Every structure is written in structure tokens, then in C-alpha cells.
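What follows is a short report on a single structure.
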Amino acid sequence: MADELKGTDLCIDVFPSTSNTAPLVLLNAVNKEEGLIKKEIGDKASLAVISDLVWNDDLSPWPCDAVFRGGAPFGGKAAIYAERLSCEIVPAIIENYALHPEYIAIAGYSLAGLFALYTAYCTGIFSRIASVSGSLWYPGFSEFARSHSMKKRPERIYFSLGDKEARTSNRYMKGVEAETRRLSAFYSASGISTKTEFNPGNHFQNHIERTVKGIQWILE
């Protein structure tokens, strides 16, 4: 059963494992339904689902104009949020629930998947990363990731995409498959255990099931 962590402007639902040494997985999410993931991962890990984020601001690495008609621009505040996670939110979760996690992992879908990977360049607290249908098309991100050093090299990185996600006329998003493959190969060549999966469908299908697959793999 989830317990909401108090004392923050964000909604943080924590699903502790019965073992206080189990890994801790942070999941940035659009809403609370991602708590369904805990049923699938069971007692393998404690799960903290963080919602009520300013999605386009908190999870984007640098400012960018809107990339599709009617969409919002991106505020580029991911580094600030990553610092808050490492210095405030994760320590509060660990203290409040008396956790001693074997390691801490981070997962996310879409822009949160991009953010999960970006955190490796901001903080060294996450040992495993799941970027599920990650927005790796984000302008300049692939070049940044391949030319900058991570704070701490993660043990595992998981990537996935829907096999129809690149079938779009949007000039940014149509590059998502190429950039995902490029980054996966880059991290694998550097010695990080990496897996990339392609799931049937587009970006908006089966996000819970796809996220579960990613988290289960990084917990192996």
C-alpha cells in the first residue's frame, strides 16, 4: 500500500518493500496510476512515484521552443530538479521509511525517460536507469550525452521504444529511433550493461506495461 510523503509540494507516493535493503526505484510520472507498477515488481524493490511536476520544465535539460503545434515550450530546469532529488527528496524517502537500499534506480516514460538518462550527468546517486520511450529526440541531447562525462557510470541502462514512434512528420520526433540506437550503442561500447527493446505500437500505447518491463530488467 502506498504512503504519501508529506512536507513537499510534489505528490510522492511511496510503496516500501518489506525488506528495507531492497533497491529503491524512483519513477517520475504524469499521474498516480503508475502506482500499478508496484503490483508487478512486487517486493523486489521499494518504489517512489513522483507526480505533480511541471512536466515540460522540470524534466527538460535546457530551454527549447515548443516542438509541435499547440504544445508548450520547455523550461530547461532538469538540473535543478535532479539536484533536488539527490539532496532533498531521496534522503527524505530513505529517512522517513528507514530504508537502506542496496542501490537507487530511476525510471521514466517519455520526457521523464529523457530526464532519467540526463540525471547521470547531474548526480551520481542512481546506479541503474530505465528510459522508456524516452524523448531522446530532444534537440542537442544526443550530442551532449556523447560529449560529456557522467558523474558516475551506471551499472545498467534500459531503453525502449514503440516500433511506430519514429513514423511521424515532426522533424524532431522522427529522429527518436536513430538517437535511441545511437545512444544505446555508445553506452554499450563504454562497458555499461545496456538493453534496447522495441515494442509494438506508437508512443501512447501500453506505457504501464512498457515501464514495468524496463524496471524489471534494471532490477535483474
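Residues take their numbers from the sequence shown, with the count starting at 1. What you see is a predicted model; the values in this text were computed from it and never measured.
Classification of E165 and R210 as a salt-bridged pair holds, one side-chain N sitting under 4.0 Å from a carboxylate O.
Checked against the 6.0 Å centroid criterion, the rings of H148 and Y121 do not qualify as a close aromatic pair. Centroid-to-centroid, the aromatic rings of F68 and Y172 stay 6.0 Å apart or farther. Aromatic pair Y118/Y138: ring centres not closer than 6.0 Å. Taking the six-membered ring for Trp, F144 and W62 have ring centres closer than 6.0 Å.
Donor-acceptor pairing under 3.5 Å is recorded for the side chains of S19 and T21. A donor and an acceptor atom, one from each side chain of H207 and S133, are nowhere located under 3.5 Å apart. Of the N and O atoms on the side chains of T196 and S184, at least one donor lies less than 3.5 Å from an acceptor on the other residue. A donor-acceptor contact closer than 3.5 angstrom is absent between the side chains of S193 and E155. The closest side-chain donor-acceptor pair between D57 and Y81, if any, does not fall under 3.5 angstrom.
Proximity of a side-chain donor or acceptor of K38 to a complementary backbone N or O of V49 within less than 3.5 Å is not detected. Listed for the R181 side chain is no donor-acceptor partner under 3.5 Å among the backbone atoms of E177.
Taking the centre and axis of the six-membered ring of Y103, the NZ or CZ atom of R128 falls inside the cone set by 45° and 6.0 Å.
Annotation: side chain of L27 is not in contact with side chain of Y109 (no heavy-atom distance under 4.5 Å).
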